Trainee: 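Before we start, here is the structure in question, set down as structure tokens.
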There are 2 protein chains.
Amino acid sequence: MKMSDVAKLANVSAATVSRVLSQPEKVSKETREKVLDVINKVKYKPHIVARQFRTQETKIILVVVPDITSAFFSKVLRGIEHIALENGYQVILGDTENDIERENSYINLLLQKQVDGMVLLTARLDKNKLEELASEFPLVLACEYVDGLNVPTVSIDNVSSARKATEHLIQLGHSKIAHITGPINIILSRDRLKGYRQAMISNDLEVDPAYIQEGDLSFESSYNETLKLLSLSTPPTAIFVFNDEMAMGTIKAAKDSGLSVPNDLAVVGFDNIKMSTVFEPNITTIDQPKFAIGKKAMELLLHLIKGEPMKKKKFVMKDELIIRESTLIK
Amino acid sequence: MKMSDVAKLANVSAATVSRVLSQPEKVSKETREKVLDVINKVKYKPHIVARQFRTQETKIILVVVPDITSAFFSKVLRGIEHIALENGYQVILGDTENDIERENSYINLLLQKQVDGMVLLTARLDKNKLEELASEFPLVLACEYVDGLNVPTVSIDNVSSARKATEHLIQLGHSKIAHITGPINIILSRDRLKGYRQAMISNDLEVDPAYIQEGDLSFESSYNETLKLLSLSTPPTAIFVFNDEMAMGTIKAAKDSGLSVPNDLAVVGFDNIKMSTVFEPNITTIDQPKFAIGKKAMELLLHLIKGEPMKKKKFVMKDELIIRESTLIK
DNA sequence: CTGAAAGCGCTTACAG
DNA sequence: CTGAAAGCGCTTACAG
């Protein structure tokens with residue numbers, strides 16, 4: 001059943017059926033009702049791909065995620081999806097599993113016009129490539145970003161939040177503070193490391209290179225790095241960890257080493273995922289407004305898709321230090 | 001830049017360019033290379049929507065998930081995605097957030113031919129509606145299912161696995177065993193409850209109605225139901241909980257009540273999500289082969305899309321009881 | 001092995 | 001307010 005069949009049954013033209021569906025105000029009440037009757041009777045559904053082809057828009061956007069199983073990204077994704085659905089857009093999911101090749105391959109969906117725009121929650125591609133892409137297609141970065149890239153970006157200020165997290169430990173009296181980073185090729189890792197350094201230096205604390213260890217985002221990597229740190233001749237009394245999942249690894253390692261958290265080792269995580277409130281001890285962390293980041297990113301993308309001018313390109317969302325049991329000595 | 005432009009530059013017809021792209025073996029080597037040179041030079045990318053429209057297939061499938069933020073479903077989703085990508089399909093994500101209205105609305109993507117098929121990880125719609133849909137479109141159920149529905153389905157045997165979980169507690173010497181269910185309108189909740197009952201009855205243990213409480217899939221609901229159970233005049237010594245997330249709520253409630261797990265209260269969860277290995281104590285649980293379920297479901301969907309006959313409709317994957325600290329008294 | 005032509009099902013500028 | 005007609009960019013059955 002196609003539009004022209006409906007048209008015949010209703011004794012009108014296909015154009016009129018199309019208008020009833022897309023611009024009903026342009027059709028007389030009488031005609032409109034006649035057509036709608038037929039549509040309902042035969043359960044006609046328009047062929048969306050034909051419409052996409054004709055209008056040259058798919059009403060689909062692509063979200064590229066580094067890890068769909070992550071509690072953090074799935075919340076951001078949900079924020080994106082909410083705004084997308086509200087505006088009649090569907091979401092294609094691109095899970096890269098932290099593989100830059102896969103990140104790259106998803107760009108084809110844009111080049112082949114299969115999607116109207118793209119939100120990148122991972123930005124590990126070449127800066128020039130991204131810039132070129134953004135000049136041709138609606139593109140928004142969220143969570144991750146690229147230094148000096150003139151593309152709409154939504155994120156928190158990772159440097160200042162990392163500084164805040166580290167200063168919290170300093171204020172509690174710690175001076176031997178270690179930091180377990182994420183993969184250092186990710187800008188988020190570098191920025192949080194920068195914030196850690198700033199806090200240490202501005203408080204006249206030494207940054208011992210042995211106190212900085214690189215993890216790979218996994219619970220296990222942080223567990224292992226923590227064991228390393230704890231076996232140093234002068235082990236740290238506090239560790240600021242790249243994210244909450246890894247902070248759980250750190251705490252587990254401390255417990256398995258017979259240490260009490262926070263009494264023997266204070267731990268700060270990052271992201272404020274659900275588990276950080278459930279884990280024992282609860283984890284002090286930096287809250288990122290995950291849902292709001294997703295919503296904002298999608299709103300920006302809609303602006304770009306509509307071709308509306310965008311004066312501001314960087315949107316810095318508010319983070320918040322949430323103090324819990326993993327740093328607070330009872 | 002469209003195909004006919006490439007054709008002009010290469011001095012061939014659009015048909016030939018199309019063949020170079022889709023059926024290169026039908027084109028002479030010489031012509032093929034000439035055309036590929038032009039394609040590379042002008043960076044031509046075919047307009048996928050035009051192809052979709054012409055071939056009447058989108059190479060997109062829809063996955064409807066009850067909760068994208070769940071550690072369980074995101075693993076299943078990843079399995080689906082792997083097989084989809086391997087076969088040139090993209091995945092549209094439909095997150096219902098456990099809302100049956102939203103589940104219903106995603107069906108439009110199928111009716112409007114915007115996707116080639118659908119995998120439902122939640123099946124709360126009317127049985128007849130699903131049956132009718134499946135007769136017209138490629139449709140696979142996974143994880144959740146509908147009793148007596150003749151549609152390809154991938155899942156574990158929830159009744160027998162729940163029985164196995166309960167019997168584990170019985171073998172440990174427990175007789176006062178409670179069960180916290182999921183929302184009882186979900187078949188998974190009813191089947192796991194059935195397995196619990198079977199184990200109790202076949203071991204001559206009384207099933208006290210007060211020992212069966214309904215949760216809503218959340219950590220908090222299970223926390224609260226557990227407090228209720230523990231305040232009974234004869235509290236249970238063991239609880240089988242609908243899933244791992246809820247089992248964490250149960251353990252937390254026990255701890256907050258001054259009880260030790262497993263010494264005062266043994267707890268069994270379900271799903272074997274990552275957190276069940278990290279939480280303290282580690283949680284005894286039923287492992288579902290999440291990734292394999294996703295892969296199998298997508299493989300079945302590909303069969304349906306290709307119109308291949310399918311003799312078997314029910315695929316029961318292997319689950320496994322994994323015994324950990326939450327039930328094993330040291 | 002290659003090309004001319006039809007057609008997939010809509011939407012919209014134009015004319016009346 | 002309505003209709004006739006063009007056209008979105010491909011693919012493929014057919015002819016040669």
Side-chain angles (χ1 to χ4, degrees), chain A residues 1-39 42-60 88 90 108-116 137, chain B residues 1-39 42-60 88 90 108-116 137:
Chain A
M1 177 68 55
K2 53 186 164 173
M3 199 171 262
S4 56
D5 298 325
V6 174
K8 257 176 231 152
L9 290 172
N11 281 315
V12 296
S13 69
T16 296
V17 177
S18 176
R19 287 192 199 98
V20 167
L21 254 24
S22 311
Q23 324 172 57
E25 72 285 356
K26 287 197 176 172
V27 180
S28 76
K29 184 156 174 279
E30 198 187 9
T31 308
R32 197 189 323 139
E33 283 171 356
K34 187 173 58 173
V35 171
L36 284 175
D37 276 352
V38 174
I39 286 177
V42 303
K43 291 187 188 169
Y44 167 73
K45 294 281 177 182
H47 190 290
I48 296 296
V49 172
R51 176 185 294 168
Q52 289 173 351
F53 178 52
R54 170 59 227 229
T55 62
Q56 300 288 79
E57 44 173 34
T58 61
K59 291 283 187 177
I60 301 177
Q90 300 295 333
N108 274 326
L109 296 191
L110 215 46
L111 299 177
Q112 299 173 332
K113 310 268 171 63
Q114 189 161 174
V115 296
D116 293 347
F137 301 97
Chain B
M1 175 68 56
K2 54 186 162 173
M3 198 170 262
S4 56
D5 298 325
V6 172
K8 257 178 230 151
L9 290 172
N11 280 315
V12 296
S13 71
T16 295
V17 177
S18 176
R19 287 193 199 98
V20 167
L21 254 24
S22 311
Q23 325 171 56
E25 70 285 356
K26 288 197 175 169
V27 180
S28 76
K29 185 157 173 277
E30 198 186 9
T31 310
R32 197 189 324 139
E33 283 172 356
K34 187 173 60 175
V35 171
L36 285 175
D37 276 354
V38 174
I39 286 177
V42 303
K43 291 187 188 167
Y44 167 72
K45 294 281 177 184
H47 189 289
I48 296 296
V49 172
R51 177 184 293 168
Q52 290 172 350
F53 178 51
R54 171 59 225 230
T55 61
Q56 299 288 79
E57 42 172 36
T58 61
K59 292 281 187 177
I60 301 177
Q90 300 295 333
N108 274 326
L109 296 190
L110 215 45
L111 300 177
Q112 299 174 334
K113 309 269 172 60
Q114 189 159 174
V115 296
D116 293 346
F137 301 98

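Every chain is numbered from 1, with letters handed out A, B, ... down the list of sequences. Quick caveat, the model's predicted, so the values are computed rather than measured.
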Trainee: In chain order, what residues pass the side-chain contact (heavy atoms from CB on, under 4.5 Å) check against B:Ser4, with sequence neighbours excluded?
Mentor: B:Lys2
Trainee: How would you list, by chain and number, every residue that makes a side chain to side chain donor-acceptor pair (under 3.5 Å) with B:Ser18, sequence neighbours excluded?
Mentor: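 Once residues adjacent in sequence are excluded, B:Ser18 has no partner under the side chain to side chain donor-acceptor pair (under 3.5 Å) criterion.
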Trainee: Can you list the residues that meet the side-chain contact (heavy atoms from CB on, under 4.5 Å) rule with B:Leu109, with sequence neighbours excluded?
Mentor: A:Gln90, B:Leu62, B:Ile92, B:Tyr106, B:Gln114, B:Val115
Trainee: Identify all stems in which DNA chain C takes part, counting only runs of at least 3 consecutive pairs (Watson-Crick or G-U wobble, each distance under 3.5 Å), and give each as one range with another, ordered by first number.
Mentor: C:1-3 with D:14-16, C:5-12 with D:5-12, C:14-16 with D:1-3
Trainee: Run the side-chain contact (heavy atoms from CB on, under 4.5 Å) test against A:Asp37 and tell me which residues pass, sequence neighbours left out.
Mentor: none
Trainee: Of all residues at least two apart in sequence or in a different chain, which pass the salt bridge (Lys or Arg N to Asp or Glu O under 4.0 Å) check with A:Glu33?
Mentor: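 For A:Glu33 the salt bridge (Lys or Arg N to Asp or Glu O under 4.0 Å) partners, ignoring immediate neighbours, are A:Lys29.
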Trainee: Could you run down nucleotides 5-14 of chain D 5' to 3' and tag each one B, S or - for protein heavy-atom contact under 4.0 Å?
Mentor: -BBBBBBBB-
Trainee: Please list, in numerical order, the residues of residues 5-13 of chain B that have a heavy atom closer than 4.0 Å to any atom of DNA chain D.
Mentor: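 When residues 5-13 of chain B is checked for heavy atoms under 4.0 Å from DNA chain D, there are no hits whatsoever.
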Trainee: Are side-chain heavy atoms of B:Ile39 and B:Leu21 found at a separation under 4.5 Å?
Mentor: yes
Trainee: Output all residues satisfying side chain to side chain donor-acceptor pair (under 3.5 Å) with B:Gln23, sequence neighbours left out; order by chain, then residue number.
Mentor: B:Lys26
Trainee: Scan residues 6-15 of chain A for pairs that pass side-chain hydrogen bond (donor to acceptor under 3.5 Å, both in side chains), counting only residues two or more places apart or in two chains.
Mentor: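 For residues 6-15 of chain A: A:Ser13-A:Thr16.
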Trainee: Rounded to whole angstroms, how far apart are CD on B:Glu25 and P on C:dT2?
Mentor: 13 Å
Trainee: Using whole Å, report how far CD of A:Glu33 lies from P of D:dT2.
Mentor: 12 Å
Trainee: Taking side-chain contact (heavy atoms from CB on, under 4.5 Å) as the test, write out the residues that go with B:Lys34, two or more places apart.
Mentor: B:Val12
Trainee: Can you list everything that forms a side chain to side chain donor-acceptor pair (under 3.5 Å) with B:Asp5? Sequence neighbours excluded, please.
Mentor: none
Trainee: Take atom C1' in C:dG16 and the same atom in C:dT12, then report the distance between them in whole Å.
Mentor: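 Roughly 16 Å separates the two C1' atoms.
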